[in-house]
Asks: 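I'd like to ask you about the structure that follows.
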Amino acid sequence: MNYADRMSVFGESIFTTLAKMRYQRSAEGKEVIDLSIGAPNIPPALRIREIISKEALDPKNYVYAITDLTDLQNAVAAWYARRYGVKIDAQNEVSSLLGSQEGLSHLALTLINPGDIVLVQDPCYPIFRDGPLLAGADVHYMPLLKENDYLIDFEAIDEEVAKKAKLMVVSYPNNPTCAIANDDFYHRLIAFAKKYDIIVLHDNAYSELLYTTPGHSFLEYEGAKDVGLEFNSLSKTYGLAGARIGFAIGRKDLIDEIKVLKSNLDYGMFLPIQKAAIEAITGDQRCVEETRNAYRHRRDLLVDGCQAIGWNIEKPLGTMFVWAKIPDHYQDAESFTYDLFNKTGVLVVPGNAFGTHGEGYVRMALVQDDETIKHALEVMDASGIFQSH
Ligand SMILES: Cc1ncc(COP(=O)(O)O)c(C=O)c1O
């Protein structure tokens with residue numbers, strides 16, 4: 001069978017290799033400590049689960065939703081006002097997404113014709129690149145370098161490419177580098193987008209998982225709504241990853257196009273999930289702080305523990321990941337990842353899985369509980385990998 005060429009976007013990736021390694025080792029009865037995939041293990045607060053459970057019993061909730069509930073749109077506007085001080089037109093500037101991932105896969109279909117240029121960070125969360133590629137985009141990468149604090153260097157973007165670019169996908173707090181962007185960055189981003197008439201998609205999945213300062217929204221900055229939109233997700237902030245809910249928020253014409261596409265593609269979101277989302281973002285917000293504290297604690301355990309066994313890595317200020325430079329005696333991120341896994345069962349993601357500029361680093365997800373992290377540190381220490389060479 002000749003499958004469509006676009007499926008090659010999802011070719012044999014490092015993630016597939018890691019999944020096979022994990023499967024094979026488990027099948028051999030050996031332990032696997034998985035720090036690879038960012039799948040949160042902190043459940044939603046009870047009040048949110050109670051709403052899903054109550055609403056799921058109501059037979060009226062099994063119709064096609066088609067559109068978002070007005071209460072949900074209003075709840076998102078109230079959330080953005082309370083949390084970020086951003087005024088949103090609830091009816092016209094919000095669309096739910098079946099998770100940000102769904103929006104990231106589909107947004108380019110509304111904007112991009114084959115061959116149109118899309119600017120994407122390198123390294124990046126894979127769907128930032130794959131979504132535009134599915135729409136036939138010509139993807140150009142913007143390297144995120146440590147010496148620039150992993151911020152985009154706008155000066156380094158080729159002027160001719162910038163003139164032709166149609167869309168730019170940007171995300172801070174950043175996965176995988178854990179970098180945070182400051183106000184100046186957002187002012188420069190908006191100025192750049194205006195100068196070259198580029199739409200900005202800002203993905204804001206981790207604004208609530210900053211450990212020292214509150215996170216921001218792209219839409220807080222003047223002119224943001226002229227140039228683009230933000231995706232936000234309830235997956236990490238409220239532990240709703242499996243319930244698949246996120247939002248596109250921002251420029252009206254872009255939101256209109258998303259609504260048109262989605263009303264034809266998916267017929268709307270399961271009503272109990274819409275109602276759970278209303279509860280999540282309008283109810284008692286202590287759960288967000290508890291989640292943040294849990295990730296902070298895991299970060300401290302893991303990073304302090306790695307340093308204690310001889311792996312001198314940096315402490316991130318946010319996200320649910322650690323972006324760790326590989327020990328000097330390894331040539332590249334993949335050889336380190338495979339050696340670590342074979343000797344300990346600890347599975348991490350080699351940084352080059354996120355783009356060529358991720359080479360030399362691995363990403364560890366803080367998705368295991370404290371006991372498992374402590375155990376991972378013990379087996380890593382016992383392996384001798386981190387003793388000086
Ligand atoms: C940067 C980023 N954006 C989006 C997502 C996906 O979020 P959602 O569960 O809302 O699809 C993730 C998940 O790991 C992510 O890291």
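When a residue number appears, it is its place in the shown sequence, counting from 1. The basis for the numbers below is simple: all heavy atoms, side chains too, and nothing from hydrogens, waters or symmetry mates.
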Asks: Under the side-chain contact (heavy atoms from CB on, under 4.5 Å) rule, collect the residues that match up with Phe270, sequence neighbours excluded.
Replies: Tyr62, Pro272, Ile273
Asks: Could you measure the distance from the CZ atom of Phe354 to the CD1 atom of Ile14? Nearest 0.5 Å is fine.
Replies: 9.0 Å
Asks: With no hydrogens and no angle check, is any side-chain donor or acceptor of Asp122 less than 3.5 Å from a backbone partner on Thr356?
Replies: yes
Asks: Looking at residues at least two apart in the chain, or sitting in another chain, which of them share a side-chain contact (heavy atoms from CB on, under 4.5 Å) with Ala77?
Replies: Ile88, Ala90
Asks: So, do Phe185 and Phe154 have ring centers that fall under 6.0 Å from each other?
Replies: yes
Asks: Which residue is it: Thr291, Thr319, Val288, Thr237? I am looking for the one with a side-chain contact (heavy atoms from CB on, under 4.5 Å) to Leu209.
Replies: Thr291
Asks: Can you list everything that forms a side-chain hydrogen bond (donor to acceptor under 3.5 Å, both in side chains) with Glu222? Sequence neighbours excluded, please.
Replies: none
Asks: Using the test side-chain contact (heavy atoms from CB on, under 4.5 Å), find all partners of Lys60 that sit at least two apart in sequence or belong to another chain.
Replies: Asp58
Asks: Between Tyr150 and Tyr172 (judged by ring centroids, cut-off 6.0 Å), do the two rings come close enough to count as a pair?
Replies: no
Asks: Does Asn41 use its side chain to pair, donor to acceptor, with the backbone of Val367 at less than 3.5 Å?
Replies: yes
Asks: Sequence neighbours left out, what pairs pass ring-ring contact (aromatic ring centres under 6.0 Å, His included) with at least one residue falling in residues 224-245?
Replies: none
Asks: Cation over ring, Arg25 on Phe341, under 6.0 Å and within 45°?
Replies: yes
Asks: Checking one residue: Leu210. Which other hydrophobic residues are in its cluster under the side-chain 4.5 Å linking rule?
Replies: Ile180, Leu317
Asks: Considering residues at least two apart in sequence or located in another chain, which fulfil the salt bridge (charged side-chain N to carboxylate O under 4.0 Å, His left out) criterion with Arg47?
Replies: Glu279
Asks: Taking only Lys NZ, Arg NE, NH1 and NH2, and the carboxylate oxygens of Asp or Glu, determine whether Lys325 and Glu314 approach each other closer than 4.0 Å.
Replies: no
Asks: So, are Arg251 and Asp253 salt-bridged, with charged N and O less than 4.0 Å apart?
Replies: yes
Asks: If you look at every heavy atom in Leu229 and Ala248, which pair is closest and at what distance?
Replies: CD1-CB, 4.2 Å
Asks: Hey, is Lys275 close enough to Glu55 for a salt bridge, meaning N to O under 4.0 Å?
Replies: yes
Asks: If you measure from OH on Tyr186 to NE2 on His216, what distance do you get to the nearest 0.5 Å?
Replies: 8.5 Å
Asks: Are any of the side-chain nitrogens in Asp300 or Arg296 under 4.0 Å away from the carboxylate oxygens of its partner?
Replies: no
Asks: If the condition is side-chain contact (heavy atoms from CB on, under 4.5 Å), which residues does Ile37 pass it with, not counting sequence neighbours?
Replies: Phe15, Arg22, Ala39
Asks: So, Asp304 and Lys315, do they make that salt bridge, N to O below 4.0 Å?
Replies: yes
Asks: Tyr267: which other cluster members, linking ILVMFWY side chains closer than 4.5 Å, directly or transitively?
Replies: Tyr64, Ile66
Asks: Please check: side-chain N/O of Gln368 versus main-chain N/O of Ile373, any donor-acceptor pairing under 3.5 Å?
Replies: no
Asks: How would you list all residue pairs meeting ring-ring contact (aromatic ring centres under 6.0 Å, His included) that involve residues 286-315, not counting sequence neighbours?
Replies: Trp311-Phe336, Trp311-Phe386
Asks: Can you tell whether the side chains of Glu371 and Lys374 come within less than 4.0 Å, N to carboxylate O?
Replies: yes
Asks: Does the Gln307 side chain pair with the main chain of Asn312, one donor and one acceptor, at a distance under 3.5 Å?
Replies: no
Asks: Taking ring pair (Phe, Tyr, Trp, His ring centres under 6.0 Å) as the test, write out the residues that go with Phe128, two or more places apart.
Replies: Tyr125
Asks: Supply the members, apart from Leu109, of the Ile/Leu/Val/Met/Phe/Trp/Tyr cluster built from side-chain contacts under 4.5 Å; use none for a lone residue.
Replies: Leu261, Leu265
Asks: For Asp116, does its backbone N or O pair with a side-chain atom of Asn113 as donor and acceptor, under 3.5 Å?
Replies: no
